[in-house]
2 protein chains.
Amino acid sequence: MFISLDLQSDAPIYVQLRNKIIEGIASKELLPGDPLPSVRNLAKDLGVNMHTINKTYQLLKADGFIQIHRQKGVVINPDGFPEVTDVFLEKVKETFRPIIAEAICRGMSKEELLSHCEKIFQDILEGGNRK
Amino acid sequence: MFISLDLQSDAPIYVQLRNKIIEGIASKELLPGDPLPSVRNLAKDLGVNMHTINKTYQLLKADGFIQIHRQKGVVINPDGFPEVTDVFLEKVKETFRPIIAEAICRGMSKEELLSHCEKIFQDILEGGNRK
DNA sequence: TGTCTGATATATAATAAATATAACAGATAG
DNA sequence: CTATCTGTTATATTTATTATATATCAGACA
């Protein structure tokens, strides 16, 4: 995992980090059972505070993407990942809807939109286009 | 325009309102030249502060979706809307990427994803599924 | 016995979001 | 002319979020 944070971004660090790890899982760069750095080590590597990393891990744990063992450390969930729940679908809608609406205003066709989505999907699978 | 705000949402009020208006434009419920309520009236109607509305209008103006005339009021841009710029495409990517990555982790297929996007696109055009 | 885990507590600083008032300049209807 | 409506601007305050700085605790382990 090469993790780079964008300190200029309006997205909080702990969210950026969460997303990076999710992308790592999606691209199979991170496999079930793989270890993640300890809270303190990752904080040191990224030059941020321990609590910021802890917040990210707690989020990922709550969603079922990682397991946290008190003394062993943090691992990508070896028992598989959460499914597509109604809650998640709702999140998809709420996130996509405003952007798609703006795309329509700007004259983007449905085909064009789907093409962009497809490309992003592929890029993630191939682990590319990472910032 | 029936505008309802979700005070429970984590999205700021001024952003929610911006999105509602963008959706109104996308669904052609709001047409070029149509007037929008004055800052003070809308604030009163929604039960929020004047500055919150003003922030929304300034955002929409900066992006070219509305025009603001000092004494006449606010109208949906009669000269047409902004195009699909590189900046906007970048915003699409950055917004979609984390969600699509999570969708992949949860086992959603590409076809399933595109189907959801297509549905959202249609829903907006039809002015439905509004909250 | 150190040293590593995560977990937890407390305090502080910086920023963003929202509100509360107030005042200003220009247009316009009475 | 006056009152009222625009958007604009300024100032101050409150609240919540984000991030940091320290510190401590309990369990595991070499």
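Everything quoted here is computed from the prediction, not taken from an experiment. Below, chains carry the letters A, B, ... as their sequence lines are ordered, and counting in each starts from 1.
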How many Å lie between [atom1] on [X] and [atom2] on [N], as a whole number?
| X | N | atom1 | atom2 | result |
| --- | --- | --- | --- | --- |
| A:K44 | C:dG6 | NZ | P | 15 Å |
| B:K72 | C:dA27 | NZ | P | 10 Å |
| A:L7 | C:dA14 | CG | P | 17 Å |
| B:R40 | C:dT19 | CZ | P | 16 Å |
| B:L59 | C:dA17 | CG | P | 10 Å |
| A:Q67 | C:dT5 | CD | P | 18 Å |
| B:I13 | C:dA16 | CD1 | C1' | 13 Å |
| A:L42 | C:dC4 | CG | C1' | 16 Å |

Of all the choices, [options], which nucleotide is nearest to the side chain of [X] once you look at every atom?
| X | options | value |
| --- | --- | --- |
| A:I68 | C:dG6, C:dA20, C:dT8 | C:dG6 |
| B:V48 | C:dA9, D:dG7, C:dT19 | C:dT19 |
| B:N49 | C:dA20, D:dT24, C:dT8 | C:dA20 |

Discussion item. Is it the case that over 12 heavy atoms from other parts of the model lie below 6.0 angstrom from the CD atom of B:Q58?
Written reply: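 Counting neighbours around CD of B:Q58, more than 12 heavy atoms of other residues, nucleotides or ligands fall under 6.0 Å, so yes.
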Fill in: Heavy-atom neighbours of B:E83 CD exceed 12 at 6.0 Å
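Incorrect, the count does not exceed 12.
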Contact under 4.0 Å: [X] side-chain N or O vs [N] OP1/OP2:
| X | N | result |
| --- | --- | --- |
| B:K55 | C:dA17 | yes |
| B:T52 | C:dT19 | yes |
| B:Y57 | D:dG7 | no |
| A:N54 | C:dA7 | yes |
| B:Q58 | D:dG7 | no |
| B:N41 | D:dT6 | yes |
| B:Y14 | C:dA18 | no |

Discussion item. Exactly one of A:L42, A:T56, A:L30, A:V75 should register a side chain to side chain contact (heavy atoms under 4.5 Å, CB included) with A:L36. Which one does?
Written reply: A:L30
Worksheet entry | Closest-nucleotide ordering on DNA chain D, the 5'-leading residue of A:V15 and A:R70 |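 Mapping each residue to its closest nucleotide by heavy atoms, the 5'-most match is A:V15.
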Response to the item:
Sorted by position of nearest nucleotide on DNA chain C, 5' first, the leading residue of B:G47 and A:V74 is A:V74
Worksheet item: Given that A:S38 and A:M50 both sit by DNA chain C, which one's nearest nucleotide is further toward the 5' end?
Response: A:S38
Discussion item. Using only modelled atom types and a 3.5 angstrom limit, is any donor from either the side chain of B:H51 or the base of C:dT21 paired with an acceptor on the other?
Written reply: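 Pair found.
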Worksheet item: salt bridge (charged side-chain N to carboxylate O under 4.0 Å, His left out) between B:R18 and B:D63: does it pass, once the steps are laid out?
Response: CA-CA 11 Å; B:R18 189 205 97 111; B:D63 286 338; 3.1 Å; yes
Fill in: Check: B:N77 side chain, B:G64 main-chain N or O, donor-acceptor pair, under 3.5 Å
yes
Item to complete: Quick one: closest heavy-atom pair of A:F65 and A:F81, and the distance?
Response: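 Residues A:F65 and A:F81, closest heavy atoms: O-CE2, 3.7 Å.
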